[in-house]
Amino acid sequence: MNIGASSSILSLIIFLPLLFALVISFWPQRQTLRELALGFSLIQLAVSLLLLRDFDSTTAALQFTEQFTWIERFGISYFVGVDGISLMLVILTTVLMPIMILGSWKSISEQVKGFHVALFVLQSAMLGSFLAMDAILFYVFWELSLIPMYFIVGIWGGARRIYATVKFFIYTMAGSLLMLLAIIFMMRLTPEVTGGAISASLLDFYKLEIPFIAGDFFTPQTLLFFAFAVAFAIKVPLFPLHTWLPDAHVEAPTPGSVVLAGVMLKMGTYGFLRWVIPLFPDASSHYAWLFIALGLVGIIYGALVAMIQPDMKKLVAYSSVSHMGYVILGLFVMNVYGMGGSLYQMLNHGISTGGLFLLIGMIYERTHSREISKYGGLAAAMPIFTIFFIIVTMSSIAVPLTNGFVGEFLILMGAYQYSFTASIFAVTGVILGATYMLWMVKNIFFGPAGEIVKASEHDPEHRLHDMSKREIAVMLPIVILIFWMGLFPNTIMDYSKQSINHLLQNKQNYSLEVK
Amino acid sequence: MNISIGLADILLISPVIVLFLFSLIPLTTKVLNKNVEQSPATTLVVALMGLGIAAGLLILFGGSDQTIFNGQLLFDGLTKWAGLIAIVSAAAGIVLLYENPSTPYRQFSEIIFLALNSVAGMLILISAINLITVFIGLELMSLSLYLMTAMSQEQKLSKEAAIKYFVLGSIASAIFLYGVSFIFGSTNTVNTAELMQVAAQTIQADKLFLFGIIFVVIGFCFKVSIAPFHAWTPDVYQGAPTPITAFMATAIKTASFAAFLRIAATQVFQGSQNLVDVLQWLAVLTMTVGNVAALVQTNLKRTLAYSSVAHSGYIFIGLITVGLSANSAYSATAVVFYLLTYAVMSIGAFGILSMIEKSENDFVTVDGLAGFAKKQPALALCFTIFLISMAGLPPVLGFFGKLYLFGAAVSEGLIWLALWGILNSVIAVYYYLRPIVSMYMKPGDTDVSDNRLYASTIMVIASAIFIVVVGLFSGPLFTMIERSLS
Amino acid sequence: MDHQILIAVLLLSPLLGFLINGFRFRSQSYVIAGTVATLAVTVSFVCSILLFIELLALPAESRRITAHFFEWINLGDLNINAAFVVDQISSIMLLIITGVGALIHLFSIGYMHHDKGVTKYFSYLNFFVFNMLILVLGDSLVTMFVGWEGVGLCSYLLIGFWFSDSAKAAAGMKAFITNRVGDAAFLLGMFILFMTFGTLNFYELNALAPTTMEASWLGAVTLATLMLFIGATGKSAQIPLYVWLPDAMAGPTPVSALIHAATMVTAGVYMIIRLNPMFVAAPNTMMVIAIVGAATAVMAATIGVVQNDIKKVLAYSTVSQLGYMFLAVGVGAFGAGMMHLMTHAFFKALMFLGSGSVIHAMHEEQDIRKMGGLRKYLPVTHFTFILGWLAIIGFPFFSGFFSKDEILWQSFSSPRGHTLLWVAGALGAVLTAFYMTRLMALTFWGKSRVDKNIHPHESPWTMTVPLIILGILSVISGFIGVPHAIAEFMGHIPNYWQQWLAPVIRPLPIEELQSVTHTLSEEYMLMGISVFLAMCSAIFAYVVYTKKKHIAENTAQSLKPIYNLLDNKYYVDEIYFGAIINPLVKQSRNLWYYIDVNVIDRMTHVASDVATNGGKLVKTLQNGNMQQYAMYVSLGLIIVLSYVLMR
Amino acid sequence: MLETSMFSEIGLNHYLVLSALLFTIGMAGILLRRNLIVVLMSIELMLNAVNISFVAFSKYNMNSEGQVMVFFVMTIAAAEAAVGLAIIVSIFKRFKEVNIRFFEHLKG
């Protein structure tokens with residue numbers, strides 16, 4: 001059997017979810033909707049695994065490319081391709097999808113159809129933005145992803161969902177519009193390298209040599225760099241552009257939080273890796289200190305602020321700020337450890353934070369409260385849940401043999417190679433990270449029975465059931481991934497090594513070959 | 001001077017003639033029928049037929065780059081495309097009119113008469129290259145519109161809107177004409193084709209000419225609602241019956257911008273940097289005023305009116321680009337494309353409002369949309385598409401419109417204008433999102449006034465499909481327009 | 001290949017035990033759980049012995065069995081394998097861990113049989129052994145770090161084992177976080193080494209370790225070793241990161257014996273010995289280690305003097321003894337440090353288990369003021385405890401005597417030693433003798449102060465057998481490493497210990513060694529002084545706490561400030577909380593409030609307010625009066641005209 | 001042609017100034033008068049100012065086109081007046097009001 005060899009597998013990956021969304025929106029039976037969606041997401045996963053199977057990890061070249069003229073007048077094309085940088089993010093997206101659907105089995109009870117449609121559209125948009133190799137195509141997918149997310153938070157979210165979703169939308173939109181302007185500007189420059197025709201192809205963008213004068217802010221490369229970087233930094237989110245995230249996370253329904261933390265934030269860091277650093281090498285190096293500093297501030301600030309959050313989701317949201325600070329740090333130290341670690345940490349964060357949100361969602365379904373102070377002693381009432389929670393927590397605080405360690409270790413190493421001072425600040429995050437997560441674990445699970453657990457003891461109606469089989473099925477893949485990625489990181493990192501080396505070795509005149 | 005009217009003239013002007021003739025049919029029938037109004041459906045069909053034939057003739061004969069009537073009218077690509085946009089959006093407006101509670105069905109044939117004549121005026125306005133002909137077209141279009149605005153079941157606000165529109169519009173006409181007289185005085189011609197050769201030089205040498213140009217430009221600025229000459233827009237848009245508002249926002253705006261484009265294409269602005277500066281500031285002011293004012297509105301129609309002002313600002317950027325660029329075809333295409341985009345999405349958006357209005361006095365507010373998505377998922381989705389498109393979010397048409405427009409501006413070095421446009425888009429997103437929030441995220445039971453509004457429904461859905469499909473495949477359309485414009 | 005399997009079995013057996021017990025964690029059958037767990041560790045122990053025998057068979061210079069399983073992290077120049085090494089150092093650790101571990105598992109069966117979470121307990125315990133094995137066997141710093149953090153995690157879980165008690169859960173958290181502080185430094189140390197030497201493999205590092213001594217404080221080696229040492233202070237409870245260990249006594253007592261006395265806490269010492277060539281090359285670090293070790297030894301001992309909780313006394317004693325080990329490695333006496341590590345593992349495990357037996361008998365009573373005269377109820381426990389006591393106070397020819405004496409001598413005589421270090425060590429020994437005797441006296445001897453409702457009884461065989469075995473080991477284990485001086489005295493017993501370790505220990509540079517000369521008589525004299533003082537102190541304590549209790553009370557009264565200072569552990573916890581933790585939390589709240597809420601969000605709101613107010617302004621201007629509108633038109637006209645025409 | 005002395009003979013400038021004055025008066029009328037009919041008249045005044053300007057230019061440029069334009073303008077002005085009056089009449093019939101201040105319901 002050789003299905004995967006088809007050259008249009010990337011289009012299949014991008015548009016299959018849209019097709020699924022369409023089918024779901026016309027599906028007549030309400031009862032089987034969830035099963036259908038789950039089945040679809042598994043199909044999608046299978047397709048993406050075919051991609052994984054056929055991917056050639058020995059080259060940094062762009063693979064499975066497809067290029068069709070889209071808007072000929074401006075050299076805009078439907079140009080997709082995958083390389084080591086995007087491959088794993090694609091897989092992450094497809095892996096998380098069935099987990100999310102299964103995780104939202106109970107929590108989403110209204111407008112189930114619309115929810116799944118939004119989820120699949122979102123998936124398509126995210127996959128598209130990871131695979132797009134054309135600036136405008138990328139931008140289209142990038143912005144498209146906002147819309148379903150906007151609905152997911154806005155319709156199925158919590159009490160302040162509208163504030164949160166609008167804030168989310170405006171923040172991200174504001175950043176990305178600057179990027180659009182920068183893209184337009186760069187398209188105007190492309191005739192230099194294409195011999196006359198305008199082009200929006202990323203490969204042509206890579207060829208551009210944009211003038212840069214160190215110290216002068218108002219040079220094209222610096223301005224373009226910041227236009228892109230701000231767009232991505234908001235998405236990451238990098239301190240001080242992070243305040244939309246806690247709100248969005250708190251108000252989003254569980255799958256929304258999962259996809260937000262799991263994949264959407266990675267779009268930002270992916271943007272840095274795919275766009276900012278190769279396109280603007282001089283400015284990236286020249287202003288690396290700024291992003292490293294902000295990354296470090298994010299790490300420490302996120303951790304400190306997480307410590308005092310009374311709401312579980314908010315705590316995890318700020319922990320995301322901290323974790324994504326690591327990723328930015330790793331990217332901008334510009335060495336193989338930092339970048340490799342960052343790429344890995346993106347996946348880790350997706351899995352472990354996604355897992356945490358799923359777990360918080362499960363407990364929220366039972367108690368309708370996320371206030372840490374109301375909990376306590378949950379470990380006695382829900383032991384299996386506790387085990388899963390602690391495993392995911394360990395992944396989040398980067399205990400060795402979990403995935404988190406590998407990424408964090410490499411990033412810290414990269415930070416050290418950049419500067420000793422940076423690494424000193426970065427390792428404080430290791431301490432603080434353990435502090436807030438364990439503080440939460442302690443207050444939720446340990447200690448004497450809290451308000452909620454007590455109430456459940458007396459009231460048979462509110463009895464706290466331990467995890468159901470479905471919920472275990474949701475968490476099991478995550479736990480397996482946590483350990484697999486912790487034990488055998490090479491099986492995953494091998495896919496991206498060539499790309500990262502290629503990027504680092506050819507930073508000044510980066511180009512990608514098409515295979 | 002040898003005046004002769006040939007077949008070519010007749011063929012090219014035929015859309016206007018057809019429109020005029022068809023406009024007479026319902027009215028004549030009514031008169032012959034002892035002043036008894038026939039079925040509105042028949043009238044509608046006649047009107048749509050007229051518009052359809054006009055559009056067909058325009059496609060057939062327009063765009064041939066020929067001038068007729070001794071250089072009065074030019075039938076080039078701009079005429080064809082702007083004319084088509086105007087005709088189609090007028091048709092859509094009429095369809096909405098047919099199913100709106102504020103429409104006085106007893107006078108339906110009169111409204112149709114006015115509407116078709118207004119469209120005829122638009123075609124003249126678009127094709128005119130003589131400033132006096134421009135004036136004639138402008139007045140034919142506007143005078144019909146003043147009356148249409150007043151013709152509503154709703155008595156108070158529509159009348160107020162009409163009188164405001166009339167008074168302010170007349171001032172604008174006078175200003176425009178005054179400018180024309182100075183252009184005539186300084187160059188001895190009012191033919192833009194002839195002006196094109198001398199404009200850029202004259203404007204530097206001759207203050208009188210510059211004076212005239214400024215008046216003409218401001219006359220147009222009023223028509224296309226550029227701040228601070230926009231003040232009539234929100235009031236009139238709100239007061240007029242929603243279908244007429246749709247008509248105004250789309251057909252009238254397209255025609256006015258097309259004529260304005262002809263002025264800009266003379267490259268007259270290039271002669272005076274001051275004028276260019278002022279125009280840029282006007283563009284910025286317009287976008288900002290439109291967007292911030294829309295931000296604080298609760299009445300949806302008024303929100304859309306202010307948003308229309310803001311969109312004028314965006315288009316104005318394109319217009320300035322046209323005035324500055326050596327190869328104006330590309331920038332002009334961007335403008336026409338955006339006009340098309342804006343027309344389709346406005347028609348859709350106003351169409352939805354028109355369908356929700358329960359009576360002639362009903363105003364749809366933002367909160368008044370609560371729960372619409374539950375009752376009418378398809379229409380809510382369409383409305384969402386329109387709003388997203390207006391906000392300029394991909395992958396729908398509005399995004400590509402903005403992309404081309406700002407792309408043109410950037411290529412002419414007007415980056416800061418594009419930047420302002422983008423900043424404004426961020427503000428705009430907020431108020432475009434609010435109806436979506438209301439429809440999807442708030443409990444309520446808003447529904448359309450009647451489930452049998454088939455024509456409007458079809459039109460709205462068609463617009464939405466257009467926006468999505470053409471959005472995805474905007475390249476060929478853009479190339480097509482550009483080819484016919486250059 | 002068979003080595004590889006042997007090592008795999010060694011490692012995986014406890015993991016399997018962990019998984020078996022982990023999956024049936026609800027079970028309350030202590031027999032099955034205990035048997036599985038104990039068997040798992042016993043299998044490991046057997047493997048350890050087999051490996052040890054294999055090592056013995058190899059020539060001294062190449063005693064090294066490696067097992068390479070797979071490549072773990074592989075990026076750039078970084079190449080970390082899941083590879084494990086058994087050599088002279090790790091084989092000793094293996095034997096201690098699996099041997100003592102097996103005994104403690106056995107002991108736990110009796111100790112924990114009434115606990116509901118017994119299966120969970122055993123699974124954690126097995127998991128701990130697994131991690132500890134990774135720690136000692138790992139062939140690189142990173143692999144070691146895996147176990148390093150892993151044992152920390154287990155320690156966290158086991159300290160907070162009775163999690164429904166908030167204080168116990170907090171103690172677990174405190175342990176983990178304090179360890180994390182050390183771990184952070186450990187990470188930095190690793191990075192420095194990696195960036196300097198390009199590898200993290202122990203053997204490669206040791207081979208690359210510079211032979212010239214690094215004088216600078218900021219040299220790579222010094223900095224790296226210092227960082228690693230900070231990591232060690234966390235794990236091995238040295239100043240300033242020792243604070244978690246006394247709190248860690250919240251866990252079940254066998255856990256204290258295994259983790260917080262015998263194995264995990266010695267990981268820091270083990271790590272330094274593992275990397276001894278690197279540390280040797282950094283005299284400054286060595287000095288710091290020695291000073292910290294000596295200071296910890298004394299300080300913990302002083303606190304131990306006033307503690308009343310039986311486990312707390314032992315905990316401070318552990319901190320103090322670990323201080324000795326660091327003192328030893330700090331002066332370059334790696335062999336002596338390792339020796340003390342082993343003997344301490346035996347006698348401290350013994351005493352912890354003994355205390356466990358006491359607590360078990362006393363129905364969870366831990367306050368020694370409420371004990372006394374337990375001798376007659378718990379004969380086996382008492383007897384074995386005495387063996388441990390004699391060992392720890394350095395009673396001649398008990399195991400502790402050999403190892404501690406060697407340390408004291410080295411701290412004086414080594415070129416990196418100092419008289420003051422010896423004084424501190426001796427002082428520590430005196431204090432140790434005092435408080436341990438106090439413990440014995442208050443617990444086992446004198447009059448019974450036991451509550452009437454408690455009827456102490458001797459523990460079952462599962463608990464006494466380990467005590468006996470450990471007791472024997474505490475007595476005899478010293479003879480495998482008899483110090484030179486005593487060996488002379490006792491008839492030239494060879495120092496097997498030193499011989500065994502010699503190939504993997506890098507001696508101090510010759511020129512340093514030659515710079516100091518000490519005579520055998522000096523050694524005898526110092527040994528005599530320290531032993532004499534310790535014995536005096538022990539006798540004094542015996543007298544005070546069995547016969548003349550009022551002396552203790554009077555002293556406590558008259559030295560109230562000092563007593564309070566000691567009773568409150570020098571207020572270190574309070575200082576940490578008051579100066580670091582609480583302000584940090586408080587400032588974090590402010591930080592959030594000021595930055596997130598008041599600056600960033602405020603700015604967003606200001607931006608939106610600007611837009612909204614702009615909108616309101618436009619709204620006001622749009623007042624509905626068409627003449628006003630006409631005026632805007634004319635004003636606009638005038639402005640445009642004047643701008644364009646006048647400029 | 002603008003150099004012609006203001007006082008020697010009646011020249012183009014005089015007409016232009018007259019036209020400008022009329023235009024301004026018309027504008028002022030619109031801005032200041034409250035009665036819709038007067039406003040309508042003011043609009044006519046503005047258009048007539050344009051006419052004067054056209055005719056003057058036509059005369060001084062020796063180009064009769066300007067005079068043709070005046071015809072157009074007059075015609076359209078008439079149409080405009082008709083439309084305007086029609087609206088005003090319909091309003092007056094319903095509201096009995098021609099005060100411009102009456103129409104301030106649409107605002108904001």
Side-chain angles (χ1 to χ4, degrees), chain B residues 130-133 135-136 138-140 142-144 146-147 149-151 155-171 173-191 207-208 212 215 232 234-239 293 296-299 302, chain D residues 1-2 12 15-16 19-20 23 26-27 30-31 36 39-40 42-58 60-63 65-66 68-73 75-77 79-84 86-88 90-92 94-95 98 100 102-108:
Chain B
N130 187 312
L131 288 177
I132 285 299
T133 326
F135 176 65
I136 292 168
L138 199 64
E139 286 303 305
L140 181 52
S142 305
L143 290 176
S144 311
Y146 301 148
L147 292 172
T149 309
M151 289 178 80
Q155 289 300 335
K156 203 168 168 188
L157 297 181
S158 63
K159 306 295 177 287
E160 180 181 335
I163 194 73
K164 274 185 178 165
Y165 197 10
F166 171 75
V167 169
L168 294 168
S170 304
I171 297 173
S173 301
I175 290 174
F176 172 76
L177 263 186
Y178 198 56
V180 173
S181 77
F182 279 89
I183 291 174
F184 171 71
S186 58
T187 59
N188 237 337
T189 178
V190 286
N191 190 318
K207 287 267 174 186
L208 211 57
F215 271 71
W232 61 276
D235 290 7
V236 173
Y237 277 30
Q238 186 193 347
V296 294
Q297 302 299 328
T298 49
N299 183 332
R302 213 171 163 84
Chain D
M1 62 194 162
L2 279 171
L12 177 62
Y15 290 107
L16 290 185
S19 142
F23 193 83
M27 196 76 199
I30 293 169
L31 287 178
L36 271 179
V39 169
L40 196 61
S42 303
I43 291 170
E44 294 303 311
L45 205 56
M46 287 171 84
L47 290 175
N48 281 327
V50 174
N51 282 346
I52 288 176
S53 157
F54 264 126
V55 172
F57 278 125
S58 174
Y60 282 86
N61 285 354
M62 303 300 187
N63 187 342
E65 252 182 71
V68 178
M69 288 170 196
V70 171
F71 284 113
F72 280 110
V73 174
T75 323
I76 286 170
E80 203 168 285
V83 168
I87 296 174
I88 292 170
S90 88
I91 286 173
F92 186 75
R94 184 160 292 274
F95 301 112
V98 286
I100 217 163
F102 179 71
F103 303 101
E104 288 184 8
H105 300 290
L106 291 165
K107 61 178 175 186

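We name chains A, B, ... by the order of the sequence lines, and we start the count at 1 in each one. Heavy atoms only: backbone and side chains are in, while hydrogens, waters and symmetry mates are out.
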Query - Atom pair OH (Tyr15(D)) and OG (Ser58(D)), whose distance is rounded to the nearest 0.5 Å - result: 12.0 Å
Report task. Over 60° means perpendicular and under 30° means parallel, so classify the ring planes of Phe215(B) and Phe23(D), tilted if in between. Result -> perpendicular
Query raised in the report: What part of Gln155(B) is in contact with chain D, defined as an atom under 4.5 angstrom from a non-hydrogen atom: side chain, backbone, both or neither?
Result: both
Query raised in the report: Hey, what's the ring geometry for Tyr237(B) with Trp232(B), parallel, tilted or perpendicular (30° and 60° as the breaks)?
Result: perpendicular
Report task. With a 4.5 Å cut-off on heavy-atom pairs, point out which of Val50(D), Leu40(D), Val39(D) contacts chain B the most. Result -> Val50(D)
**Report entry** chain B interface, residue from Met46(D), Arg94(D), Glu104(D) that has the most non-hydrogen pairs under 4.5 Å
**Finding:** Arg94(D)
Report task. Name the region of Ile175(B), side chain, backbone, both or neither, that has any atom closer than 4.5 Å to a heavy atom of chain D. Result -> both
Report task. Identify which part of Ile132(B) has an atom lying under 4.5 Å from any heavy atom of chain D, answering side chain, backbone, both or neither. Result -> side chain
Report summary line: When the 4.5 angstrom heavy-atom criterion is applied to Ala161(B) and chain D, the contacting part is both
Query raised in the report: Is Glu160(B) salt-bridged to Lys156(B), going by a charged N under 4.0 Å from an acidic O?
Result: no
Requested in this report: Output the option from Asn63(D), Leu47(D), Leu36(D) having the highest count of non-hydrogen pairs under 4.5 Å with chain B.
Outcome: Asn63(D)
Query - Atom group of Ala20(D) that falls short of 4.5 Å from chain B, counting heavy atoms - result: both
Report task. Examine whether an atom of Val296(B) lies under 4.5 Å from a heavy atom of chain D, and if so say whether it belongs to the side chain, the backbone or both; otherwise answer neither. Result -> neither
Query raised in the report: If you draw a 6.0 Å radius around CZ in Phe102(D), do more than 12 non-hydrogen atoms from other residues or ligands fall strictly inside?
Result: yes
Query raised in the report: Hey, which of Ser19(D), Ala82(D), Ala86(D) has the most heavy atom pairs under 4.5 Å with chain B?
Result: Ser19(D)
